[in-house]
Every structure is written in structure tokens, then in C-alpha cells.
Amino acid sequence: MRAEQLVAAPGTAHPHRLAWTTAPLRSDLRVNGAPEMSVRASLDGTSPYTTALLVDYGTATRTIAGTVQDTSRLVCYGEGVPGDTGCAYRTKHRTETTDFKIVTRGWLDVRNRDSAARPSPVIEDREYRLRWAMQPQDYVVEKGHRLGVVLISTDHDYTLRHPPGTRMTVRTGLSSVTLPVAPPAGS
């Protein structure tokens, strides 16, 4: 399943993910930097990957992947050169009203939990402390929205796809996420 399918309905149990959310935020929250995961977990199966997704849960009109070219507005930025006229058509962001947005994500190959240069074997059902960072982001989660963290194994669009069936057991009381926050712009 794709990550977008796995983050939907975080309050509903799902066999292919773990999901946690905050209460509705009392004020805007600006995530500014690389969130970090720390998970105490064991794996049982063949996939060595674990993925963390930071999610903004709240209905909003958001930009979505891709842009649309506006062929009615040609803009020239200066003299052209051979192969480049110096002109381009304006583009517009496409928007859509959605219930959530994946803010950022991060991946860990558990075999490289101690070193990116040297893999270590993964022993089934042995518990490990797993730590990794998500991609840096500057994003404002609006007042009234909930912030969520979703753990999945293979991230369909970003990691190799191992056969399904790996089970991850997480000790939630010994796991955490660290958010780099900053005052909202203009504060």
C-alpha cells in the first residue's frame, strides 16, 4: 500500500501501520528542521525497512504534486540565446481540499542502524533501539489541526519493495519523536 493510503483515518486500527496523533493544536506550530525518531522495536520478517511519516491532520486546501502551465501568460526575462528564448509560460500550483498532508518522511534500513557504512545482521524478535531523522522541512501546522506520526515498513515510492509480511513490534513507552520547532513567521 502507498503511504497516502496508510496515513488515512489514524484513529482506526490498521494492520500495516502504527499511528499516533496529538490533540487539536491550540495555536499554529511551525516545524522547522529535521524531525527525529527514536523507536524501541523488534522485527519479524524479511523487510529491513522502517519509515516514519509526519502528518498534518486537518482539512485544508493544499497544493498538490504537479503544476499547470498557463499558456495565456508568456513572460520574458531578458534577451534570449541560441536554444533559449529567455521567455517562459507562467505556471500555477494545483490545489485540492484534503483531510491530511504528509509533511515529511524518513527511512531507516535497520541493517544500518549503527553505521551507514557497515551493515549489521537483524535477528528476528530481538529488540533494537532505532534512531533516524526525517527530511528537513519548514511547515506550519494550523491551529485546530492534529499532528501525527505514522510508522510503516516499506515506503512504496521511496524504498525497495520487499515481500510483504514483516511484523514490527514497537514499545511505545520507550519510543519518541523530537520536533524542531520555531516561532511562526512574522512573530
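Counting only distance, with no hydrogens or angles, the side chain of W132 and the backbone of M37 share no donor-acceptor pair below 3.5 Å. Between the side chain of R17 and the backbone N or O of L6 there is at least one donor-acceptor pair closer than 3.5 Å. A donor-acceptor pair is defined here as one N or O able to donate and one able to accept, closer than 3.5 Å; no such pair exists between the side chain of T104 and the backbone of M134.
Under the 4.5 Å side-chain heavy-atom criterion for grouping Ile, Leu, Val, Met, Phe, Trp and Tyr, V149 is connected to V39 within one hydrophobic cluster. Linking Ile, Leu, Val, Met, Phe, Trp and Tyr residues whenever their side-chain heavy atoms come within less than 4.5 Å places M1 and L53 in a single cluster. Taking hydrophobic clusters as Ile, Leu, Val, Met, Phe, Trp and Tyr residues chained together by side-chain heavy-atom distances below 4.5 Å, L130 shares a cluster with L179. Note on V55: it does not cluster hydrophobically with V177, by side-chain heavy-atom contacts below 4.5 Å among ILVMFWY residues. I152 and V110 are members of different hydrophobic clusters when ILVMFWY side chains are connected at heavy-atom separations under 4.5 Å.
When all heavy atoms of A19 and P10 are compared, the closest pair comes out as CB-O, 3.9 Å. A pairwise comparison of heavy atoms in P35 and L54 identifies CG-CD2, 3.9 Å as the closest pair. Among all heavy-atom pairs drawn from A3 and R105, the shortest one is CB-NH1, 3.8 Å. Listed here is the closest heavy atom pair of G86 and D84: N-OD1, 2.9 Å. Across every non-hydrogen atom of H14 and H16, the tightest pair is ND1-N, 3.0 Å. Nearest heavy atom pair, residue Y57 against residue G148, reads CE1-CA, 3.9 Å.
The side-chain hydrogen bond (donor to acceptor under 3.5 Å, both in side chains) analysis of residues 141-150, with sequence neighbours excluded, yields the pairs T21-R146, D56-H145.
With side-chain heavy atoms closer than 4.5 Å counting as contact, directly or through intermediates, V81 stands alone and belongs to no larger hydrophobic cluster.
For the pair R113 and Y128, the cation-pi criterion (under 6.0 Å, within 45° of the ring axis) is fulfilled.
The structure places CG of N32 at 4.5 Å from CG of D138, a figure rounded to the nearest 0.5 Å. With rounding to the nearest 0.5 Å, the separation of CD in Q135 from CH2 in W107 is 4.5 Å. The OG atom of S176 sits 9.5 Å away from the CD atom of E36 when rounded to the nearest 0.5 Å. The OG1 atom of T85 sits 11.0 Å away from atom OH of Y77, with the distance rounded to the nearest 0.5 Å. Rounding to the nearest 0.5 Å gives a distance of 9.0 Å between CD1 of I102 and CG of D157. With rounding to the nearest 0.5 angstrom, the CG atom of L151 is 4.5 Å from the CH2 atom of W20.
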Report the C-alpha separation of R171 and E127 in whole Å, then their side-chain angles, then the decisive distance to 0.1 Å, and conclude whether the salt bridge (charged side-chain N to carboxylate O under 4.0 Å, His left out) test is met. CA-CA 9 Å; R171 291 188 53 192; E127 197 171 270; 3.0 Å; yes
Yes or no on side-chain contact (heavy atoms from CB on, under 4.5 Å) for V141 and L25, after CA distance, side-chain angles and deciding distance? CA-CA 8 Å; V141 183; L25 299 179; 3.5 Å; yes
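For the pair L29/V140, no side-chain contact is recorded, criterion being any heavy-atom separation below 4.5 Å from C-beta on.
Within 6.0 Å of CZ on R131 lie no more than 12 heavy atoms contributed by other residues, nucleotides or ligands.
For the pair D125 and R167, the salt-bridge criterion is met [side-chain N within less than 4.0 Å of a carboxylate O].
For the 3.5 Å distance criterion, the side chains of T63 and T95 fail to qualify, holding no donor opposite an acceptor. Side-chain atoms of T98 and R62 include a donor-acceptor pair closer than 3.5 Å. Between the side chains of R129 and S38, at least one donor-acceptor pair of N or O atoms lies under 3.5 Å.
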